[in-house]
Amino acid sequence: QVQLVESGGGLVQAGGSLRLSCAATGRTFSSYAMGWFRQAPRKEREFVATISWSGRTNYADSVKGRFTISRDNAENTVYLQMHSLKPDDTAVYYCAQQKRPYYYTSALYDYDYWGQGTQVTVSS
């Protein structure tokens with residue numbers, strides 16, 4: 001059974017930085033793409049960033065240049081480094097694991113295991 005546990009959320013002022021972490025257990029981590037998604041109040045869950053098993057990355061336009069996704073396969077952990085945070089970044093952030101090994105998309109429906117989420121609040 002796959003478990004994903006996020007940490008690192010919190011309250012930060014606009015312009016600040018946070019780093020989210022997601023520790024994974026249960027499958028061969030290095031074989032699976034990982035992603036970060038977020039859901040703001042009264043909005044649909046949306047794609048933020050994904051990283052393939054080989055380290056290829058993809059970002060939503062809204063976070064490009066400010067957020068960086070990375071992974072440490074030795075630690076079975078994926079990270080999201082967030083800089084220049086804006087109030088619009090306020091959301092619950094979820095990490096997720098792709099359904100199939102050695103397969104890479106950024107589509108939400110292609111990710112079948114999800115963490116419990118971590119709240120990020122950016123004050124103006």
Measure the spacing between [atom1] of [X] and [atom2] of [Y] and express it to the nearest 0.5 Å.
X    : Y    : atom1 : atom2 : result
W36  : I69  : CH2   : CD1   : 8.0 Å
F47  : L108 : CZ    : CG    : 10.5 Å
D72  : S30  : CG    : OG    : 11.0 Å
Q1   : Y113 : CD    : OH    : 4.5 Å
Q13  : L85  : CD    : CG    : 11.5 Å
Y111 : Q97  : OH    : CD    : 10.0 Å

For [X] versus [Y], what's the shortest heavy-atom pair and its separation?
X    : Y    : result
L11  : S123 : CD1-CB, 4.4 Å
S124 : A14  : CA-CB, 4.4 Å
T50  : S106 : OG1-OG, 2.7 Å
N73  : N76  : O-OD1, 3.0 Å
A33  : Y104 : CB-CD1, 3.7 Å
G115 : E6   : CA-OE2, 3.2 Å

Between the side chain of Q98 and the main-chain N/O of T105, is any donor-acceptor distance below 3.5 Å?
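Yes, the answer is positive, given that a donor and an acceptor are paired below the 3.5 Å cut-off.
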Could you point out which residue of W114, Y94, Y93 forms a ring-ring contact (aromatic ring centres under 6.0 Å, His included) with F37?
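Only one option passes, and that is W114.
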Find out if a path of hydrophobic residues (ILVMFWY) with successive side-chain heavy-atom gaps under 4.5 Å connects [X] to [Y].
X   : Y   : answer
W53 : V78 : no
Y79 : V92 : no
I51 : Y32 : no

When you check the side-chain N and O atoms of [X] and [Y], is any donor under 3.5 Å from an acceptor?
X   : Y   : answer
S21 : T77 : no
N58 : R56 : no
Q81 : S17 : no

Around atom CD of Q39, are there more than 12 heavy atoms of other residues, nucleotides or ligands at under 6.0 Å?
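Check passes, neighbour count above 12.
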Are the charged groups of D112 and R27 less than 4.0 angstrom apart, N to O?
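Salt bridge present between D112 and R27.
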D89 bridged to K86 by N-O distance under 4.0 Å:
no
When you compare the side chain of M82 with that of V48, does any pair of heavy atoms fall below 4.5 Å?
no
Could R71 and F29 be counted as a cation-pi pair, given that NZ or CZ must be under 6.0 Å from the ring centre and within 45° of the axis?
yes
